[in-house]
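Both counts, for ligands and for their atoms, begin at 1 and track the order of listing. Keep in mind it's a predicted model, so treat the numbers as computed, not measured.
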Amino acid sequence: MLKIQSVTNALEQWAPPSLALSYDNCGLLIGDPYRLVDKALVSLDVTEAVVQEAIEKQANLIIAHHPVIFKGIRSISPTTDSQRAIILAIKHDISIYAIHTNLDRVNDGVNKALADRLNLTNRSILEEASNLFKLITFVPTKDLLAVRNALFAIGAGNIGEYEKASFFTSGVGSFQGRSSSNPSIGKAGEFTEVKEEKLEVLLTDTLLSSALKTLKEHHPYEEVAYDIITLHNKNQNHGSGMIGELSESLSSDDFIQYLQERLGLQLIRHSASIENKIKSVAICGGAGFDLLKNARQKGADAFVTADLKYHDFFEADDSLLLCDIGHYESEHWAIQEIKEYLTRNFANFAVLSTTINTNPVHYSISIKDGKGKKD
Ligand SMILES: [Zn+2]
């Protein structure tokens, strides 16, 4: 058995809550973080049927992408499906955790799952997050490696596909401790000069507090000198949407068919076909229209997302094919991603994927011979 907190800590290593967008409500929504659990059910949404499935399969934790509590609740009564789900979960002591826009904004989350299905290569983030800082500290030469390695161990110094990136320059530090001080080098009240290294590493905001704690634990000085500088650099690992390339260029019609086949889609709403072939494809699972400008800037030939409105399609000109594949259809691939992540991290913890299609949108498609087709 594991504490819920162990499971959620692992998920938050992957998708730090600080990456979530301000309107979001991710995290442990129902339950006690210290409660023991042995089986989780992963789903895109928490519906009454999903909670029922968790009860039947004896899963005591549901991990969902969409938060079942989102806009705030003034009362709980069985009037809507989500409120019935909440009541049922509490009655059966089932905890619910949401991993939402934080999973949208890591490079191995929701968009990675969609990019995998589309076999996109040469991937990068469509709109990189800017949450980078530089930590600069001054370490006696003999302690440089210990401090640097400790910072690397918590994830400092990650740049794109590289880790353990740092820089140091040698110099001479000076200090004079007051009578109440207890210097590790020199004596209180004595002016001291020490050969030091100026060490610089990159940090994300999620690492700031642990980096300072680690620095103070491993640095020999009573008073550790450091600077934290906010950077304008973009974070290559975190952000919204993704862009990548198809293995071969496709015409608009062939690309639509490719989407249908790869993603098992019944319906794609899209802008007019474009003359150029499609090679570079931007994607954003869920509602991603705001990223159209980024898709354009990065030279995408097509932008695949969901929840587009009528007027949004007018924004696609003849150089870009805009496709709405459906919200559920763009995101449900992440269920497997979450399941695999937890299975990799915990040997004795059962993780199941829901067998329920929670898509609330159904399609009735009229076909040319006049007969309607229902899903
Ligand atoms: Zn979504």
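- D324 places no side-chain N or O within 3.5 Å of a backbone atom of R269 that could act as its donor or acceptor partner.
- At least one N/O/S atom of H327, from backbone or side chain, sits under 2.8 Å from the Zn ion (ligand 1).
- Residue D104 does not count as close to the Zn ion (ligand 1), with no N, O or S atom under 2.8 Å.
- For CZ of F191, the number of neighbouring non-hydrogen atoms (other residues, nucleotides, ligands) closer than 6.0 Å is greater than 12.
- A donor-acceptor contact shorter than 3.5 Å links the side chain of N102 to the backbone of A15.
- You'll find the side chain of F346 stays beyond 4.5 Å of the side chain of V351, heavy atoms only.
- Distances from the Zn ion (ligand 1) to the N/O/S atoms of E331 are shortest for OE1.
- Taking backbone and side chain together, H66 holds an N, O or S atom under 2.8 Å from the Zn ion (ligand 1).
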